[in-house]
Each structure stands twice: as structure tokens, then as C-alpha cells.
Amino acid sequence: MPEEKATVDHEHLPTRLGTEFIVRFSRLLKATALYDRKNVIIDRLAQECLQLINSIVQSEGNLFIKIVRDNFFFNNVRIQVKTDKYAMFKAFWQEMRKRWIGDVEFSTEVQSEHLKDLVYLLSGLEENNESNYLYVKKQLEYRDIDSIQVGKLEFFKDEDIYIDSEDQKKYSKDVYFKSIGLVKEVVDSIHQQKALNIRKAKRLMQIAVNAIMQDDSTLLGLANIKNYDEYTFNHSVNVAIYAIALGQRIGIPKKHLSHLGMAGLFHDMGKTRIPKEILNKTGKLSPEEWSMMRSHPLVGTELIMRMKEWGELSTRMIEGAFEHHLRYDLTGYPKLTRKRRITLFGRIIAIADFYDALVRPRVYNRFPYVSEKILGIMIERSGKDFDPSIVKVFINMIGIFPLGTLVLLNTNEMGLVTQIQEDSELIDRPKVCLLYYGDGEYRKGKVVDLKEMDEATRDFKRTIVKTLDPNEYNINVAEFLI
Ligand SMILES: [Fe+2]
Ligand SMILES: [Fe+2]
């Protein structure tokens with residue numbers, strides 16, 4: 001079980017690999033201007049670069065770096081550039097742009113001499129020649145090097161990107177609502193004892209994984225929007241989304257992420273056997289009712305075990321259903337007769353479940369906790385209820401002010417959080433879309449970055465003063481965010 005071994009390193013795997021590659025590759029490229037290819041320094045730098053390339057090719061199948069505007073993509077996932085690497089990335093970006101080279105791919109393991117051929121070819125290119133990539137291609141062909149490909153730098157107009165991201169949003173929205181529909185279907189089929197549509201569920205979770213790997217902001221935003229209707233269905237989908245996004249950041253391989261999504265989607269399946277009156281009861285539960293509520297992990301596990309169609313997936317699904325209320329220190333339920341460690345999937349789903357259950361209003365919880373408070377509780381309970389290292393990653397992912405939070409700024413402006421900063425030091429300085437009031441309703445204004453400084457005062461231009469309840473202002477967050 002490879003995901004058991006996955007270490008929590010607080011970093012997004014594509015970002016770590018992509019950054020490391022660019023560090024080593026640009027060092028080698030720079031050195032070609034100073035030394036000839038027989039020099040020992042070139043030898044050493046090429047060796048360092050080669051080791052990394054070949055180990056990535058072995059584990060990921062290939063290594064593909066692409067520049068899109070001023071972003072770098074590693075195997076189609078955007079690299080989140082760390083502040084301390086920013087200057088280096090910028091310099092490398094300029095070098096590539098000057099030569100009109102937009103991507104480099106290593107499709108199989110490469111030899112040292114071939115890598116040297118590539119970097120000397122690149123560094124010898126003339127500036128501003130659009131067909132440079134063709135020249136490199138020909139040269140590589142001529143030398144029988146088929147493990148390396150290069151491509152032309154594409155230029156994007158602002159409109160292209162706009163359309164792209166709008167499409168991405170529509171796509172994510174579609175995935176979200178289809179998933180809700182699917183959970184409903186599954187619940188119905190359990191009630192009517194019909195067979196489940198497993199293949200459909202698997203496919204949807206694969207689509208969700210792809211959407212989250214491209215850009216997790218829309219799906220996380222959708223999960224964060226409070227919706228009073230259909231809590232149960234929303235909850236299942238949200239837990240799946242939080243779990244996938246969290247798993248991705250922890251470095252769980254892509255093929256296991258959709259299984260994690262499935263386990264998240266069906267973690268509360270046992271609740272389909274609890275009478276609605278108990279599930280939705282607003283008053284205090286009697287001891288019998290409590291014990292019924294607490295039986296849902298076990299009931300869910302039984303339901304999953306009875307379904308032959310899940311195949312090898314059922315072990316994963318059981319981890320979600322059985323372990324999500326167990327707690328990290330095993331003081332939760334169901335009570336175990338033999339102590340054992342909670343699986344990685346169980347630990348992830350427990351965090352996603354806890355956060356989503358508290359952040360959204362339920363019938364008996366009309367005033368949801370604000371997320372700062374929940375994250376506070378999670379930090380406090382970390383090591384007891386939750387795996388402390390996963391909690392850290394989760395808090396970084398959600399931010400103190402999650403996507404869609406309505407905030408008041410010190411400038412007396414109101415805004416909605418639209419983007420969390422990648423740098424965890426700036427977790428309280430997200431990007432915010434300002435709202436202004438006109439013609440009887442709130443309208444979208446410009447997006448401002450709260451990390452922007454005022455040159456004159458040497459202080460931040462805007463700072464969040466407090467969070468506001470969108471219902472009080474009649475603001476439908478979903479309308480602004482999607
Ligand atoms: Fe539960
Ligand atoms: Fe739950």
C-alpha cells in the first residue's frame with residue numbers, strides 16, 4: 001500500500017519536483033556560457049541534473065516542463081513558486097523566452113552526453129528567433145536523441161486565459177453538481193436495495209481529481225459555500241473534495257487520489273440506515289438515539305462489505321467509513337478491542353469530515369462556526385483527534401480566510417476572498433474581490449491583493465478587520481464566486 005508510506009512534507013509534489021528540476025537545469029544552462037563541455041564543473045552539474053531527471057522519469061513516466069505566460073507547469077500541474085525561488089524562476093523564464101522555447105520533455109531516461117547536447121544547443125540559440133525550436137528538434141533528430149523533445153513558446157493574449165479559466169470554472173461546477181446527483185442516486189439505490197453505479201462514481205472521482213490537480217480553487221470554493229439545502233449530499237461531495245485536495249498536497253500518487261475521493265464520498269453511507277427523524281432532530285438526542293447515530297461507521301462498513309461490485313476498492317472505502325470518527329488517539333468510536341494505527345485515508349477523511357461538518361449550517365446548527373474558530377479547534381485537538389502534520393497542511397490549504405469568505409477591510413471596503421496565497425506566511429493576506437453597492441444590490445468590483453504595500457507609509461494597503469455573515473447583507477456568495 002504505497003500511500004501508507006507517503007510522507008507528509010507540507011509541500012505539493014509537482015511543485016517540489018518541478019522546482020528542483022528547474023533549479024538544477026537552469027544552473028547547468030547558465031554554466032554552459034562559462035565553460036566548455038569537457039569542463040569538470042559541467043560534468044558535475046549535468047550529473048546532478050541527470051539523476052533527478054531519470055528518477056522523475058522512473059517514478060512519473062516522463063518529465064514535462066511547460067511555460068504558459070509567466071507560469072511553469074510540471075507534468076501539467078502548475079508549480080507554486082516559493083518566494084525564495086522567485087528570482088531564479090524569473091531568470092530562467094527570461095532565458096527561455098528570449099529563445100522562444102516554451103517546453104522541454106524527457107520521455108525516457110537520458111544519457112549524460114545527450115543532456116549536454118541539449119543544453120549547449122539551447123544556449124547557442126540566437127535571440128528572438130521564433131523557429132528556434134525547429135532547429136533544436138532537427139539537431140536532436142540528427143544526433144538520434146529521441147528521449148528529449150522541445151516545443152515553441154506560445155504567447156497567450158489575456159482573453160485566452162480568461163476564457164480558459166472560465167471554462168475551467170464551468171467544468172469544475174459541472175463536476176460538483178454531478179457528484180451531488182450521484183450521491184443522491186446512491187442513497188436512493190441503497191434504500192431500494194438496487195445495485196450501485198460504481199463505474200460512474202469512479203469516473204466522476206477521476207474527473208474531480210483532474211480538475212483539482214489543474215486548479216483546486218473552484219472546487220474548494222464550491223465546497224466552502226454555505227448551502228442550507230441538501231446538507232447530506234453536499235457534505236459527502238465536500239468531504240471528497242477536501243480529501244482529494246489534501247491528498248494531492250501530501251503527495252499521494254494520482255491513481256490513489258480517486259480512491260481517496262471515493263472513500264470520502266461514501267464515508268457516511270451508514271447514515272442511510274438511520275431514521276430521518278433522528279438525523280434531523282433539532283433537540284437533544286436520547287442515549288438510544290445517540291448510540292444509533294454512533295453506529296453509522298459500523299453500519300457503513302457492513303454495507304460496503306456486502307457490495308461485491310467495489311472489488312479492490314472496498315478496503316479503501318472501509319477505511320473512510322470505519323475510521324472517520326475513531327480519532328487519531330483512538331478515543332472516538334466505534335470502540336476497538338485491539339489498538340491499531342489509523343490509516344492515512346482514515347486520518348485525511350477525519351479532518352475533511354470534521355471541518356465540513358462544523359463549517360456548514362445544519363438544521364440543528366443554524367449558526368455555523370466561522371472557519372477561524374474551527375481551525376483553532378483543529379490545532380488545539382491536533383495530536384489527539386487529528387494527525388498533527390496533516391492538520392498543518394489542511395490549514396495552509398484552507399487559509400484563515402477560506403475562499404468565499406466575506407470580509408471587512410480597514411479601508412471600510414467589503415470583499416470576497418477569491419484566492420489564498422501560496423506562501424504560508426501570507427495566509428492572512430489573500431486576494432479579495434471588492435464589492436460595491438449600487439442600484440439596490442452588491443456588485444463585483446476589482447480584485448485586490450492584500451499583500452500589496454503602500455510605498456509611502458510602508459504598510460499594507462489593505463488588511464482584513466473581520467469576517468461578515470453574507471446572509472446579513474443578502475449576498476449570495478455562489479453568484480460572485482462561480
Ligand atoms: Fe460520520
Ligand atoms: Fe461525515
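These figures come from a predicted structure and were not determined experimentally. Side chains included, hydrogens not; waters and symmetry mates left out as well; all remaining heavy atoms used. Counting starts at 1 for both ligands and their atoms, in listed order.
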Start with the C-alpha gap between F386 and F354, add the side-chain angles, then the distance that decides, and say whether ring-ring contact (aromatic ring centres under 6.0 Å, His included) holds.
-> CA-CA 10 Å; F386 310 112; F354 180 84; 5.0 Å; yes
May I have the step-by-step check of side chain to side chain donor-acceptor pair (under 3.5 Å) for T463 and R429, ending in yes or no?
-> CA-CA 7 Å; T463 298; R429 306 213 155 266; 3.1 Å; yes
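The nearest N/O/S atom of D268 to the Fe ion (ligand 1) is OD1. The minimum distance between the Fe ion (ligand 1) and any N, O or S atom of H324 involves atom NE2.
Residue F74 is tested with T15, L63, T19 for a side chain to side chain contact (heavy atoms under 4.5 Å, CB included); the sole match is L63.
Under the 4.0 Å criterion applied to side-chain N and carboxylate O atoms, D329 and R327 are not assigned as salt-bridge partners.
With 2.8 Å as the limit, H235 counts as an N, O or S neighbour of the Fe ion (ligand 2). For D353, the nearest N, O or S atom to the Fe ion (ligand 2) falls under 2.8 Å. At a cut-off of 2.8 Å, H325 is counted among the residues with an N, O or S atom near the Fe ion (ligand 1).
Under the 30°/60° scheme for interplanar angles, the aromatic rings of Y333 and H325 are found to lie parallel.
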